[in-house]
Visitor: 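To start, I am sharing the structure in question, which I have written as structure tokens.
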Number of protein chains: 2
Amino acid sequence: MLDIPCPHDDQRRDERTVTDTAPGTASRTPTRRYGTRPTMKDVAARAGVGLKTVSRVVNGEPGVTPDTERRVQEAITALGFRRNDSARILRKGRTASIGLVLEDLADPFYGPLSRAVEEVARAHGALLINGSSAEDPEREQELVLALCARRVDGLVIIPAGHDHRYLAPEMAAGVATVFVDRPAGRVDADAVLSDSFGGSRDAVAHLIAHGHRRIGFLGDLPGIHTAAERLRGYHAAMSEAGLPVHDAWVSLGPTDPERVRAAATAMLNAAEPVTALFAGNNRVTVTVVRVLAERPAPAAPVALVGFDDFELADLLSPGVTVIAQDSAQLGRTAADLLFRRLDGAGGEPRRLVLPTRLIPRGSGELPPPADPTP
Amino acid sequence: MLDIPCPHDDQRRDERTVTDTAPGTASRTPTRRYGTRPTMKDVAARAGVGLKTVSRVVNGEPGVTPDTERRVQEAITALGFRRNDSARILRKGRTASIGLVLEDLADPFYGPLSRAVEEVARAHGALLINGSSAEDPEREQELVLALCARRVDGLVIIPAGHDHRYLAPEMAAGVATVFVDRPAGRVDADAVLSDSFGGSRDAVAHLIAHGHRRIGFLGDLPGIHTAAERLRGYHAAMSEAGLPVHDAWVSLGPTDPERVRAAATAMLNAAEPVTALFAGNNRVTVTVVRVLAERPAPAAPVALVGFDDFELADLLSPGVTVIAQDSAQLGRTAADLLFRRLDGAGGEPRRLVLPTRLIPRGSGELPPPADPTP
DNA sequence: ACCGGCACTGACAACGTTGTCCAGCGGCTA
DNA sequence: TAGCCGCTGGACAACGTTGTCAGTGCCGGT
């Protein structure tokens, strides 16, 4: 099917590892039909006890003589028995697993979030099943419903779509659901958000405080909640400072480098160019940094503030001023809330908003060029 | 239990969203006992058909009258029925899910890898269950066995430990297993690796070609396979060039910034300081970049090559020369191999080694200071 | 009008586990 | 020594689904 590139297949440069790998493997493998696993019944037969006794031993329930327990344990290791959790889940009704649906695991923003959710899940003895929606509402729904079919106990969702009514039956059936980063659409559910509006207002106010009047905003697709909120924060800061907003200063759309590059260049090359840029998320920020770095050094460098912190932002020159949101904290908070719900916490759906933090590093503190019309 | 920080709880700044969220939710929720889901039996009763007919409709099997199918579909939507995959799995034996165990999802190296594995799984109709081992062998084993208990069809493992004999019974029982980034220990299994040895040799040869003779190596814990391989590559390049290696030029250990910082500083401040550094992975590289940035500008800047590419490496000044390995390709290759095994591909365990690529960006091309002993 | 055959439907067992309940057996007390 | 109590162990049903197989009704052909 797919062609595996394999330039050095089996070259086995590392003889040491290969050598101590070989011996002792086959001999340890218990003799058993390939692909068929032993069940408790097999263990019971081998240990000469009843089925339930094996169950008791496996689950550490009381009421088993030490001697019997030993016999059962021996049978278990001899057969290589491992409890079938599918059957257990079917019987018990709880799966001890939660689902996480996010946009893209490869995005550095979601890695820590995912990890934080996993840590909380682990603390509650649950496994994490996750999937990427690739920002596609249909794929999100498909994934969420697949997870529901697996009977996950709860869901943490970073929504791609805007209509989550399809979740209503699931939620009614007891699947705890927490939305993160963006709120649910057309359904009443818990949500944990960053303060996109406030953070953006802070960012733009910061630029204004450093003397900028023509500030560009490069944001994500306007349909995305955080993008809309950040745009709102931008407008709020501008209007609070009594500054006009020119249409050409705002560009919303996909965050692929080409579009962002074009939009930023247009703003910078306009007749009345912007003197500062506010980038709506980390992908945009990185592209803008590249654009600015490629431009011939202007008289006054363009100021920049980005939403989302990113690694090495402090090592660039100048360091990039950002609005930091703690994605791990976002995940942790959401997962905590989820397990609180699973433990029976009732009440109205809550909306938690986590604060953002402005980290000045230089790029946001650059002054605009001397104004020809003072 | 855990205290949720919630500075703006329910402040509901965004009235628009709240408004269009509220209506229409409760009325759509079907009347049903909370926490109990309808089963095929319920659907069959409501539709006035037999159990198996519902099963047929749900699975799109032929042999159902359009009229009957319609009745069943109506009952399904009316009740909010969703097939219980736990029961399905128990019955069918295959779970259509694979497990991924890696070190840390928050590490930028593993994000793309994880995403690639997920994409392949998705293409095969499988879900991905993942867990982080946090580089702890016990936790790795615990996770892997939990996944086996879930009867995942296959496993992709980035091993933390060195003894995977505990997997032998599982593999014998038919759980396909592919190791990534590092080979399995004491068990014969498929592995997909990057060419750590070759890449490191290239890196160090590159530095040597630019005139360096005293080159430091900052690596990960020597127990980690890739770290050992990279060290071996370092030694190979040095000895191929006829250069001696001073003990003080090699430092292996945890990659926390403090240790790396201390080790790098020691090498740079020694009586005969190194003129170039080779960093054994991306975390180390970043710390070294910081260390070098903080030092007062020396007569000749210290050269640097890092193993693993990282975002923005090209935007630093100078750009950081790296040995790039394609972590997504690593994941894709491993997942492809896994599904090939699941589709019945037999044969000896394979070891695939993917090539690395040297990307010169400036930091590795810096010449050493003029040599006082020519 | 009868019969064979076909298309559709449904009863039932099984997957592997856990909860319920009862039987057996030991020791302890009267 | 007999009776009772408590503890251990096992038989059985149930979880919700799918595969097997048999049964039903209807159609067309003769």
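Lettering of chains follows the sequences in order, A, B, ..., and the numbering in each one begins at 1. Not measured: the values here are computed from a predicted model.
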Visitor: Please state how far atom CD in Glu61(B) lies from atom C1' in dG10(C), giving the value in whole angstrom units.
Guide: 14 Å

Visitor: Give Asn59(B) one of three labels, base, sugar-phosphate or nothing, depending on what nucleic acid heavy atoms sit under 4.0 Å from its own.
Guide: sugar-phosphate

Visitor: Could you write nucleotides 10-16 of chain D as a row of B, S and -, 5' to 3', where a protein heavy atom under 4.0 Å of any base atom gives B, of only sugar-phosphate atoms gives S, and otherwise -?
Guide: BB-BBBB

Visitor: Does Leu143(A) have any side chain to side chain contact (heavy atoms under 4.5 Å, CB included) partners at least two apart in sequence or in another chain, and if so, which?
Guide: Val101(A), Leu127(B)

Visitor: What residues form a side chain to side chain contact (heavy atoms under 4.5 Å, CB included) with Ala123(A), not counting sequence neighbours?
Guide: none

Visitor: Restricting to salt bridge (Lys or Arg N to Asp or Glu O under 4.0 Å), what partner residues turn up for Asp136(A), sequence neighbours left out?
Guide: none

Visitor: Contact class for Val64(B) vs. all strands (heavy atom < 4.0 Å): base, sugar-phosphate, or nothing?
Guide: sugar-phosphate

Visitor: I'd like to check the side chain to side chain contact (heavy atoms under 4.5 Å, CB included) partners of Asp107(B); sequence neighbours left out, ordered by chain and number.
Guide: Asp104(B), Phe109(B), Tyr110(B), Asn282(B), Arg283(B)

Visitor: Using a cut-off of strictly less than 4.0 Å, decide whether Thr65(B) has a side-chain nitrogen or oxygen near OP1 or OP2 of dA7(C).
Guide: no

Visitor: Salt bridge or not for Asp336(B) and Arg340(B), using N-O below 4.0 Å?
Guide: no

Visitor: Taking only residues two or more places apart in sequence or in another chain, which ones pass side chain to side chain contact (heavy atoms under 4.5 Å, CB included) with Arg46(B)?
Guide: Ala75(B), Ala78(B), Leu79(B)

Visitor: Would you kindly give the CZ-to-C1' distance between Arg71(B) and dC8(C), to the nearest whole Å?
Guide: 12 Å

